[in-house]
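What follows is a set of notes on a single structure, which appears directly below.
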Protein chains: 2
Amino acid sequence: MISNKSEIFPAEQQQAAVYAKAISHPARIAILRFLAESKVCITGDITDAIPLGRTTVLQHLQVLKDSELITGDIDGKRVCYCINSDRYDEMKQLFDELLKKINPINCC
Amino acid sequence: MISNKSEIFPAEQQQAAVYAKAISHPARIAILRFLAESKVCITGDITDAIPLGRTTVLQHLQVLKDSELITGDIDGKRVCYCINSDRYDEMKQLFDELLKKINPINCC
DNA sequence: TCTTTATGTCGTAAACATACGACACGAAAT
DNA sequence: ATTTCGTGTCGTATGTTTACGACATAAAGA
(Lines give C-alpha, C1' and ligand atoms only; values in the text may rest on other atoms or scores of the structure.)
Protein backbone atom coordinates (compact mmCIF):
# COMPACT_ATOMS: atom_id res chain seq x y z
CA MET A 1 0.00 0.00 0.00
CA ILE A 2 1.59 3.24 -1.12
CA SER A 3 -0.60 5.40 1.07
CA ASN A 4 -3.64 5.07 3.23
CA LYS A 5 -6.12 7.53 1.85
CA SER A 6 -9.00 6.40 4.04
CA GLU A 7 -8.84 9.60 6.06
CA ILE A 8 -10.24 11.53 3.12
CA PHE A 9 -13.70 10.02 3.50
CA PRO A 10 -16.40 11.33 5.88
CA ALA A 11 -16.11 9.97 9.43
CA GLU A 12 -19.56 8.39 9.37
CA GLN A 13 -18.72 6.44 6.20
CA GLN A 14 -15.44 5.34 7.70
CA GLN A 15 -17.10 4.13 10.89
CA ALA A 16 -19.73 2.26 8.89
CA ALA A 17 -16.88 0.62 6.97
CA VAL A 18 -15.18 -0.37 10.25
CA TYR A 19 -18.33 -2.10 11.49
CA ALA A 20 -18.94 -3.70 8.09
CA LYS A 21 -15.41 -5.08 8.16
CA ALA A 22 -15.99 -6.44 11.68
CA ILE A 23 -18.97 -8.48 10.47
CA SER A 24 -17.44 -9.34 7.08
CA HIS A 25 -16.51 -12.89 8.07
CA PRO A 26 -19.03 -15.67 8.74
CA ALA A 27 -17.10 -16.73 11.85
CA ARG A 28 -17.48 -13.28 13.38
CA ILE A 29 -21.19 -13.20 12.62
CA ALA A 30 -21.41 -16.64 14.24
CA ILE A 31 -19.53 -15.36 17.29
CA LEU A 32 -21.86 -12.37 17.64
CA ARG A 33 -24.91 -14.60 17.35
CA PHE A 34 -23.45 -17.05 19.85
CA LEU A 35 -22.75 -14.25 22.31
CA ALA A 36 -26.27 -12.90 21.89
CA GLU A 37 -27.88 -16.31 22.33
CA SER A 38 -25.89 -17.42 25.34
CA LYS A 39 -27.23 -14.80 27.70
CA VAL A 40 -24.33 -15.54 30.02
CA CYS A 41 -20.94 -14.11 29.26
CA ILE A 42 -18.99 -17.12 28.20
CA THR A 43 -15.34 -17.56 27.47
CA GLY A 44 -13.63 -20.40 25.69
CA ASP A 45 -16.97 -22.07 25.14
CA ILE A 46 -16.98 -19.97 22.01
CA THR A 47 -14.19 -22.16 20.73
CA ASP A 48 -16.43 -25.22 21.01
CA ALA A 49 -19.30 -23.47 19.28
CA ILE A 50 -17.30 -22.19 16.30
CA PRO A 51 -15.82 -24.81 13.97
CA LEU A 52 -12.37 -23.25 13.83
CA GLY A 53 -9.15 -23.60 15.76
CA ARG A 54 -8.90 -21.95 19.16
CA THR A 55 -6.27 -19.45 18.06
CA THR A 56 -8.30 -18.49 15.02
CA VAL A 57 -11.39 -17.89 17.13
CA LEU A 58 -9.32 -15.82 19.54
CA GLN A 59 -8.10 -13.80 16.59
CA HIS A 60 -11.65 -13.18 15.37
CA LEU A 61 -12.59 -12.15 18.92
CA GLN A 62 -9.69 -9.70 18.81
CA VAL A 63 -10.96 -8.23 15.53
CA LEU A 64 -14.40 -7.77 17.10
CA LYS A 65 -12.80 -6.20 20.17
CA ASP A 66 -10.80 -3.83 17.96
CA SER A 67 -14.05 -2.70 16.34
CA GLU A 68 -15.39 -2.31 19.89
CA LEU A 69 -18.47 -4.34 19.01
CA ILE A 70 -17.61 -6.67 21.87
CA THR A 71 -15.81 -6.38 25.17
CA GLY A 72 -13.59 -9.03 26.71
CA ASP A 73 -13.12 -8.27 30.36
CA ILE A 74 -11.38 -10.47 32.86
CA ASP A 75 -14.00 -11.63 35.36
CA GLY A 76 -11.99 -13.34 38.05
CA LYS A 77 -10.17 -16.13 36.30
CA ARG A 78 -12.40 -16.41 33.27
CA VAL A 79 -12.63 -13.93 30.47
CA CYS A 80 -16.08 -12.54 29.91
CA TYR A 81 -16.80 -11.69 26.32
CA CYS A 82 -19.95 -9.85 25.51
CA ILE A 83 -21.52 -7.54 23.00
CA ASN A 84 -21.03 -3.84 23.58
CA SER A 85 -24.62 -2.74 23.16
CA ASP A 86 -23.76 0.95 22.75
CA ARG A 87 -21.51 0.22 19.82
CA TYR A 88 -23.90 -2.37 18.50
CA ASP A 89 -26.69 0.20 18.48
CA GLU A 90 -24.40 2.70 16.82
CA MET A 91 -23.65 0.15 14.11
CA LYS A 92 -27.34 -0.51 13.56
CA GLN A 93 -28.03 3.19 13.28
CA LEU A 94 -25.14 3.83 10.90
CA PHE A 95 -26.20 0.97 8.65
CA ASP A 96 -29.78 2.08 8.78
CA GLU A 97 -28.89 5.63 7.75
CA LEU A 98 -26.52 4.46 5.09
CA LEU A 99 -28.93 2.00 3.55
CA LYS A 100 -31.69 4.57 3.63
CA LYS A 101 -29.49 7.13 1.87
CA ILE A 102 -28.74 4.78 -0.96
CA ASN A 103 -31.85 4.42 -3.06
CA PRO A 104 -31.12 2.18 -5.97
CA ILE A 105 -32.70 2.87 -9.31
CA ASN A 106 -32.46 0.19 -11.94
CA CYS A 107 -31.26 2.06 -14.95
CA CYS A 108 -29.55 -0.39 -17.25
CA MET B 1 -4.53 -19.54 4.59
CA ILE B 2 -4.22 -23.26 5.15
CA SER B 3 -7.85 -23.96 4.36
CA ASN B 4 -11.01 -22.06 3.65
CA LYS B 5 -13.49 -23.24 6.23
CA SER B 6 -16.09 -20.64 5.34
CA GLU B 7 -18.32 -23.28 3.81
CA ILE B 8 -19.12 -24.63 7.26
CA PHE B 9 -21.24 -21.62 8.16
CA PRO B 10 -24.92 -21.18 7.24
CA ALA B 11 -25.46 -19.75 3.76
CA GLU B 12 -27.35 -16.73 5.03
CA GLN B 13 -24.48 -15.78 7.35
CA GLN B 14 -22.02 -16.25 4.54
CA GLN B 15 -24.01 -14.04 2.20
CA ALA B 16 -24.33 -11.36 4.87
CA ALA B 17 -20.56 -11.53 5.30
CA VAL B 18 -20.07 -11.13 1.53
CA TYR B 19 -22.19 -7.97 1.48
CA ALA B 20 -20.51 -6.66 4.63
CA LYS B 21 -17.14 -7.15 2.98
CA ALA B 22 -18.35 -5.32 -0.10
CA ILE B 23 -19.18 -2.23 1.95
CA SER B 24 -16.22 -2.59 4.32
CA HIS B 25 -14.19 0.14 2.63
CA PRO B 26 -15.07 3.85 2.73
CA ALA B 27 -14.33 4.17 -0.99
CA ARG B 28 -16.89 1.51 -1.83
CA ILE B 29 -19.50 3.17 0.37
CA ALA B 30 -18.69 6.42 -1.40
CA ILE B 31 -19.07 4.73 -4.78
CA LEU B 32 -22.47 3.29 -3.82
CA ARG B 33 -23.65 6.67 -2.58
CA PHE B 34 -22.36 8.34 -5.70
CA LEU B 35 -24.17 5.84 -7.90
CA ALA B 36 -27.37 6.33 -5.94
CA GLU B 37 -27.17 10.13 -6.07
CA SER B 38 -26.31 10.44 -9.73
CA LYS B 39 -29.58 9.08 -11.03
CA VAL B 40 -27.91 8.55 -14.35
CA CYS B 41 -25.65 5.59 -14.90
CA ILE B 42 -22.26 7.18 -15.13
CA THR B 43 -18.94 5.71 -16.00
CA GLY B 44 -15.53 7.18 -15.40
CA ASP B 45 -17.11 10.16 -13.73
CA ILE B 46 -16.83 8.02 -10.65
CA THR B 47 -13.09 8.43 -10.87
CA ASP B 48 -13.49 12.19 -10.59
CA ALA B 49 -15.85 11.91 -7.64
CA ILE B 50 -13.71 9.52 -5.60
CA PRO B 51 -10.34 10.84 -4.41
CA LEU B 52 -8.35 7.81 -5.48
CA GLY B 53 -6.47 6.76 -8.58
CA ARG B 54 -8.43 5.56 -11.58
CA THR B 55 -7.14 2.00 -11.34
CA THR B 56 -7.94 1.82 -7.63
CA VAL B 57 -11.49 3.01 -8.23
CA LEU B 58 -11.86 0.47 -11.03
CA GLN B 59 -10.66 -2.19 -8.60
CA HIS B 60 -13.23 -1.15 -5.99
CA LEU B 61 -15.88 -1.24 -8.69
CA GLN B 62 -14.77 -4.76 -9.49
CA VAL B 63 -15.13 -5.78 -5.83
CA LEU B 64 -18.66 -4.36 -5.83
CA LYS B 65 -19.42 -6.17 -9.08
CA ASP B 66 -18.11 -9.43 -7.60
CA SER B 67 -20.53 -9.02 -4.70
CA GLU B 68 -23.21 -8.32 -7.35
CA LEU B 69 -24.26 -5.16 -5.52
CA ILE B 70 -23.63 -3.27 -8.74
CA THR B 71 -23.69 -4.03 -12.43
CA GLY B 72 -21.33 -2.63 -15.02
CA ASP B 73 -22.78 -3.14 -18.44
CA ILE B 74 -21.41 -1.79 -21.65
CA ASP B 75 -23.90 0.71 -22.99
CA GLY B 76 -22.69 1.55 -26.45
CA LYS B 77 -19.21 2.92 -25.92
CA ARG B 78 -19.57 3.92 -22.28
CA VAL B 79 -19.79 1.57 -19.34
CA CYS B 80 -22.91 1.98 -17.31
CA TYR B 81 -22.42 1.20 -13.67
CA CYS B 82 -25.42 1.04 -11.45
CA ILE B 83 -26.72 -0.49 -8.28
CA ASN B 84 -28.36 -3.89 -8.59
CA SER B 85 -31.50 -3.14 -6.65
CA ASP B 86 -32.43 -6.80 -6.21
CA ARG B 87 -29.15 -7.56 -4.53
CA TYR B 88 -29.23 -4.31 -2.65
CA ASP B 89 -32.64 -5.19 -1.23
CA GLU B 90 -31.39 -8.65 -0.36
CA MET B 91 -28.48 -7.10 1.51
CA LYS B 92 -30.81 -4.78 3.41
CA GLN B 93 -33.03 -7.69 4.36
CA LEU B 94 -30.12 -9.92 5.43
CA PHE B 95 -28.65 -7.14 7.57
CA ASP B 96 -32.02 -6.37 9.03
CA GLU B 97 -32.64 -10.00 9.98
CA LEU B 98 -29.15 -10.43 11.30
CA LEU B 99 -29.21 -7.30 13.41
CA LYS B 100 -32.63 -8.19 14.75
CA LYS B 101 -31.47 -11.67 15.73
CA ILE B 102 -28.59 -10.32 17.74
CA ASN B 103 -30.00 -8.73 20.85
CA PRO B 104 -27.16 -7.46 22.97
CA ILE B 105 -27.37 -7.72 26.73
CA ASN B 106 -24.83 -5.81 28.73
CA CYS B 107 -23.58 -8.35 31.20
CA CYS B 108 -20.13 -7.29 32.34
C1' DT C 1 3.65 -31.89 43.60
C1' DC C 2 2.14 -32.92 39.05
C1' DT C 3 -1.29 -32.54 35.67
C1' DT C 4 -4.89 -30.58 33.44
C1' DT C 5 -7.62 -26.59 31.94
C1' DA C 6 -8.36 -22.00 30.55
C1' DT C 7 -6.33 -18.48 28.71
C1' DG C 8 -3.25 -15.83 26.15
C1' DT C 9 1.05 -14.53 23.09
C1' DC C 10 4.21 -15.30 19.27
C1' DG C 11 5.53 -16.74 14.95
C1' DT C 12 4.47 -17.90 10.38
C1' DA C 13 2.56 -19.41 5.88
C1' DA C 14 -0.69 -18.55 2.44
C1' DA C 15 -4.13 -15.75 0.62
C1' DC C 16 -6.31 -11.47 -0.12
C1' DA C 17 -6.76 -6.28 -0.26
C1' DT C 18 -5.19 -1.74 -1.49
C1' DA C 19 -3.02 1.42 -4.31
C1' DC C 20 -1.16 2.72 -8.50
C1' DG C 21 1.81 3.03 -12.81
C1' DA C 22 2.42 1.26 -17.47
C1' DC C 23 0.48 -0.44 -21.37
C1' DA C 24 -3.35 -1.65 -24.87
C1' DC C 25 -7.11 -0.55 -27.82
C1' DG C 26 -11.07 1.19 -30.12
C1' DA C 27 -13.97 5.25 -30.99
C1' DA C 28 -14.28 10.29 -31.42
C1' DA C 29 -12.29 14.61 -32.25
C1' DT C 30 -8.98 17.37 -34.65
C1' DA D 1 -3.81 10.36 -40.16
C1' DT D 2 -2.94 11.46 -35.58
C1' DT D 3 -4.20 12.53 -31.13
C1' DT D 4 -7.06 12.25 -27.33
C1' DC D 5 -10.45 10.04 -24.39
C1' DG D 6 -12.71 6.38 -22.13
C1' DT D 7 -12.06 2.13 -20.88
C1' DG D 8 -9.88 -1.88 -19.46
C1' DT D 9 -5.93 -5.34 -18.25
C1' DC D 10 -1.47 -6.50 -16.21
C1' DG D 11 2.06 -6.24 -13.10
C1' DT D 12 3.72 -5.21 -8.74
C1' DA D 13 4.77 -3.35 -4.09
C1' DT D 14 3.16 -3.23 0.37
C1' DG D 15 -0.02 -4.18 3.98
C1' DT D 16 -3.74 -6.96 6.14
C1' DT D 17 -6.35 -11.18 7.08
C1' DT D 18 -6.97 -15.86 8.04
C1' DA D 19 -5.62 -19.98 9.89
C1' DC D 20 -3.07 -22.55 13.02
C1' DG D 21 0.80 -24.72 15.73
C1' DA D 22 4.06 -24.04 19.49
C1' DC D 23 4.95 -22.13 23.66
C1' DA D 24 3.84 -19.59 28.26
C1' DT D 25 1.46 -19.16 32.46
C1' DA D 26 -1.58 -19.19 36.26
C1' DA D 27 -5.22 -21.43 38.74
C1' DA D 28 -7.84 -25.84 39.84
C1' DG D 29 -7.93 -30.56 40.65
C1' DA D 30 -5.80 -35.23 41.47
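Predicted model, so just to flag it, every value in this text is computed and none were measured. Chain letters run A, B, ... following the sequence lines, proteins first, then strands; residues in each count from 1. Values below: all heavy atoms of this structure, side chains included; hydrogens, waters and symmetry mates excluded.
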For D:dT17, does either OP1 or OP2 sit under 4.0 Å from a side-chain N or O belonging to A:R28?
-> no

List in numerical order all residues of residues 57-66 of chain B for which some heavy atom is under 4.0 Å away from an atom belonging to DNA chain D.
-> B:L58

Spacing of CZ belonging to A:R87 relative to CG belonging to A:L64, to within rounding of 0.5 Å = 13.5 Å

Rounded to the nearest angstrom, tell me the gap between atom NZ in B:K21 and atom C1' in D:dT16.
-> 11 Å

Would you kindly give the CD1-to-P distance between B:I50 and C:dT18, to the nearest whole Å?
-> 14 Å

Any donor-acceptor pair under 3.5 Å linking the side chain of A:S38 with the backbone of A:F34?
-> yes

What do the steps show when you test B:L94 against B:L98 for side chain to side chain contact (heavy atoms under 4.5 Å, CB included), and what is the final call?
-> CA-CA 6 Å; B:L94 274 173; B:L98 183 65; over 6 Å; no

Using 4.0 Å as the upper bound for N to carboxylate O, is an ion pair formed by A:K100 and A:D96?
-> yes

Spacing between A:H25 atom NE2 and D:dT18 atom C1', to the nearest angstrom | 6 Å

Here the gap from B:L69 atom CG to B:L32 atom CG, rounded to the nearest 0.5 Å, amounts to 6.0 Å

Taking atom types as modelled, find out whether B:Q62 and B:D66 have a side-chain donor-acceptor pair closer than 3.5 angstrom.
-> yes

Report yes if the side chains of B:I23 and B:R28 come closer than 4.5 Å at any heavy-atom pair, otherwise no.
-> no

Phosphate oxygens OP1/OP2 of C:dC20: is one of them under 4.0 Å from a side-chain N or O of B:T56?
-> yes

Show your working on salt bridge (charged side-chain N to carboxylate O under 4.0 Å, His left out) between B:E12 and A:R33 and close with a plain yes or no.
-> CA-CA 13 Å; B:E12 134 253 347; A:R33 293 197 55 181; 3.2 Å; yes

Measure the acute angle between the ring planes of B:H25 and B:H60, then classify it against the limits of 30° and 60° as parallel, tilted or perpendicular.
-> tilted

Every protein N/O within reach of nucleotides 21-25 of chain C N/O, cut-off under 3.5 Å:
| unit_1 | atom_1 | unit_2 | atom_2 | d |
| --- | --- | --- | --- | --- |
| C:dG21 | N7 | B:T55 | OG1 | 3.3 |
| C:dG21 | O6 | B:T55 | OG1 | 3.4 |

For B:Y88, does its backbone N or O pair with a side-chain atom of B:Y19 as donor and acceptor, under 3.5 Å?
-> no

Return the value, rounded to whole Å, for the distance between atom CD of A:Q14 and atom C1' of C:dT18.
-> 15 Å

Do any side-chain nitrogens or oxygens of B:Y81 fall under 4.0 Å of OP1 or OP2 in D:dG8?
-> yes

Given axes from five pairs at either end, by how many degrees does the helix from C:dT1-D:dA30 to C:dT30-D:dA1 bend, rounded to 10°?
-> 0°

Can you tell me how far CG of A:L58 sits from OG1 of A:T47, rounded to the nearest 0.5 angstrom?
-> 7.0 Å

Quick one: A:I31 CD1 to D:dT17 C1', roughly how many Å, whole number?
-> 14 Å

